[in-house]
**Q** 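Okay, handing you the structure first.
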Amino acid sequence: MTWSATARGAHQPDNTAFTQQRLPAWQPLLSASIALPLFFCAGLAFIGLGLGLYYSSNGIKELEYDYTGDSGTGNCSVCAAAGQGRAPPPRCSCAWYFSLPELFQGPVYLYYELTNFYQNNRRYGVSRDDEQLSGLPSALRHPVNECAPYQLSAAGLPIAPCGAIANSLFNDSFSLWHQRLPGGLYVEVPLDRSGIAWWTDYHVKFRNPPLVNGSLALAFQGTAPPPNWRRPVYELSPDPNNTGFINQDFVVWMRTAALPTFRKLYARIRQGNYSAGLPRGAYRVNITYNYPVRAFGGHKLLIFSSISWMGGKNPFLGIAYLVVGSLCILTGFVMLIVYIRYQDQDDDDEE
């Protein structure tokens, strides 16, 4: 009997207000005088915020051009037809001419957009080796099985970087030219290609393997590039701080999009005479057309965009706040009508 009491006491919680659930508690009783003002105030707050977000998004200027090359849609159609049925397509160039009647306020961001491209496909999304991309020498020589069928080359060499995401790297390139005077020469507009990737991706997730005798090419010796690449990963850029696994374009591409239509940052225009934006005048974009999209019914777009305090152009968030705010106010009015109606009935019953 003594042992049983002792054992039972050893397993009892301490005799405190917290463990014995004796802390004071407060449970709100939502009456009409409390709930109705909450709905109306929340609705007005959401509507106000939604209007601010919506008009801020609409104030962002965008200029876009579909250079997919569908029949009869500009000189890029020649490149699209030349690459039909080939992978990768032959090198081809085309141009987009446009003019600005007034200053395109800066800073200006240059994006490329792809449509009907499902980077969120489960099999596609896992087709990568994060340890290899972090620069581990062992992973460089032995890619994970998830990278198959882009794990080993036809010669049996490990592919670096392996996987379907890396193999489908976007490889179109662009240059922007400005004609300052009518009939004058075109001057190249400097494109800032640095800092376009997420900081955590560039500085944490993606690292090159250790150099061998000071050479990155020797570090990748014994590996093969992905099948769709024309050059190995260590030749992506002549800049030693922007080549290999830390190439900015490569890092941007490897962050997969959640929706089938997505944009990725290509460059910023914020240097020299263009720090305030793009002045009025005639412009030409030279396009190196490499990336095939017609096989999966996709489109390629080039987009110049400004930004605001909320980021790029995206009216969805503002519309969402407006809808939620309107529903709150509508719910408040419905509850108010119900309250008045049944309050009158209660008064009649009491009389």
Side-chain angles (χ1 to χ4, degrees), residues 83 86-89 112 114-173 196-212 215-237 240-262 264-265 290-293 295-298 300:
R86 305 181 189 180
Y112 61 87
L114 296 179
T115 67
N116 204 37
F117 193 114
Y118 289 83
Q119 279 197 316
N120 59 354
N121 179 276
R122 187 194 64 82
R123 184 67 186 87
Y124 179 91
V126 300
S127 185
R128 58 189 293 164
D129 188 344
D130 288 321
E131 290 189 349
Q132 186 191 65
L133 297 174
S134 66
L136 290 180
S138 58
L140 187 66
R141 309 296 174 186
H142 305 283
V144 295
N145 294 331
E146 283 78 6
C147 286
Y150 305 106
Q151 181 184 19
L152 302 175
S153 68
L157 296 176
I159 294 177
C162 71
I165 307 176
N167 185 60
S168 60
L169 175 68
F170 184 83
N171 59 349
D172 287 358
S173 59
I196 60 175
W198 285 32
W199 189 94
T200 51
D201 288 348
Y202 184 75
H203 291 91
V204 179
K205 294 183 178 181
F206 291 80
R207 312 302 302 166
N208 279 327
L211 302 181
V212 176
S215 172
L216 186 62
L218 291 178
F220 282 98
Q221 191 173 28
T223 66
N228 285 350
W229 287 29
R230 293 192 175 99
R231 52 186 175 178
V233 65
Y234 53 85
E235 293 182 359
L236 288 179
S237 171
N241 296 319
N242 188 40
T243 193
F245 291 155
I246 59 172
N247 176 261
Q248 294 273 350
D249 291 320
F250 174 70
V251 175
V252 168
W253 179 258
M254 292 299 291
R255 176 166 284 275
T256 54
L259 300 174
T261 297
F262 58 86
K264 292 185 182 288
L265 183 60
N290 296 316
Y291 202 73
V293 295
F296 57 86
K300 302 188 291 186

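Side-chain atoms are counted along with the backbone in the values below, which use heavy atoms only and exclude waters and symmetry mates.
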**Q** Ser168 versus Asn228: any side-chain heavy-atom pair under 4.5 Å?
**A**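 Counting from C-beta outward, Ser168 and Asn228 never come under 4.5 Å.
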**Q** State whether the side chain of Lys300 and the backbone N or O of Tyr291 hold a donor-acceptor pair below 3.5 Å, judged by distance alone.
**A** yes
**Q** Do Pro209 and Leu136 touch side chain to side chain, with heavy atoms closer than 4.5 Å?
**A**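 Of all side-chain heavy-atom pairs linking Leu136 with Pro209, none is under 4.5 Å.
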**Q** Name the orientation class of the two ring planes belonging to Phe220 and Phe245 (parallel below 30°, tilted from 30 to 60°, perpendicular beyond 60°).
**A** perpendicular
**Q** So, for Asp249 and Ile196, which heavy atoms are closest and what is the spacing to 0.1 Å?
**A** OD1-CD1, 3.6 Å
**Q** Distance check, rounded to the nearest 0.5 Å: Thr223 atom OG1 versus Arg141 atom CZ?
**A**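 It comes to 6.0 Å.
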**Q** Given Lys264 and Phe170, is the side-chain contact (heavy atoms from CB on, under 4.5 Å) satisfied, shown in steps?
**A** CA-CA 10 Å; Lys264 292 185 182 288; Phe170 184 83; over 6 Å; no
**Q** Once you round to the nearest 0.5 Å, how far does CG of Leu169 lie from CG of Asn247?
**A** 7.5 Å
**Q** Checking side-chain polar atoms at under 3.5 Å, does Tyr124 have a donor or acceptor matched by the opposite partner on Thr256?
**A**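 Their side chains do not contain a donor-acceptor pair, so the 3.5 Å distance test is not met.
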**Q** Would you call Val204 and Trp199 a side-chain contact if the rule is heavy atoms closer than 4.5 Å?
**A**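 Yes, close enough: below the 4.5 Å cut-off.
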**Q** Taking atom CG of Leu259 and atom OH of Tyr118, what is their separation to the nearest 0.5 Å?
**A**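 Answer for the CG-OH pair, Leu259 versus Tyr118, is 9.5 Å.
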**Q** Considering non-hydrogen atoms only, spot the tightest contact between Pro226 and Asn167 and give its length.
**A**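 Closest heavy-atom pair between Pro226 and Asn167: CB-OD1, 3.5 Å.
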**Q** Would you indicate whether the side-chain heavy atoms of Phe250 and Phe206 approach each other to under 4.5 Å?
**A**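 Yes. Closest side-chain heavy atoms under 4.5 Å.
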**Q** How about Arg123: does its CZ atom have over 12 heavy atoms from other parts shown lying under 6.0 Å from it?
**A** yes
**Q** What's the separation between atom CD in Gln119 and atom CG in Leu114, rounded to the nearest 0.5 Å?
**A**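 Rounded to the nearest 0.5 Å, the CD-CG separation comes out at 8.0 Å.
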**Q** Do Phe117 and Trp253 make the cut of ring centroids closer than 6.0 angstrom?
**A** yes
**Q** Cys162 and Asp129: which non-hydrogen atoms are nearest, and at how many Å?
**A**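 In terms of heavy atoms, the two residues are closest at SG-CB, 3.6 Å.
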**Q** What are the two closest non-hydrogen atoms of Cys147 and Arg128, and how far apart are they?
**A**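 Nearest pair, atom of Cys147 first, then Arg128: SG-C, 3.7 Å.
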**Q** Can you tell if the side chain of Lys205 reaches within under 4.5 Å of the side chain of Asp130, non-hydrogen atoms only?
**A**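 Heavy-atom side-chain distance check fails, nothing below 4.5 Å.
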**Q** Is Asn208 reaching over with its side chain to a backbone N or O of Thr243, donor-acceptor style, under 3.5 angstrom?
**A**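 Flag set: sc Asn208 to bb Thr243 pair under 3.5 Å.
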**Q** Nearest heavy-atom pair of Gln132 and Leu140: which atoms, and what distance?
**A** NE2-O, 3.7 Å
**Q** Atom CZ in Arg255, atom CH2 in Trp198: separation rounded to 0.5 Å?
**A**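 Output value for this atom pair is 4.0 Å.
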**Q** Is there a side-chain contact between Pro161 and Val233 in this structure, where contact means two heavy atoms from C-beta onward sitting under 4.5 Å apart?
**A**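 Pro161 reaches Val233 side chain to side chain.
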**Q** Closest heavy-atom contact between Asp201 and Val251?
**A** CB-CG1, 3.5 Å
**Q** Are side-chain heavy atoms of Ser215 and Val212 found at a separation under 4.5 Å?
**A**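 SC-SC contact between Ser215 and Val212 ruled out.
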**Q** Report the distance from atom CG of Leu236 to atom CD of Gln248, rounding to the nearest 0.5 Å.
**A** 12.0 Å
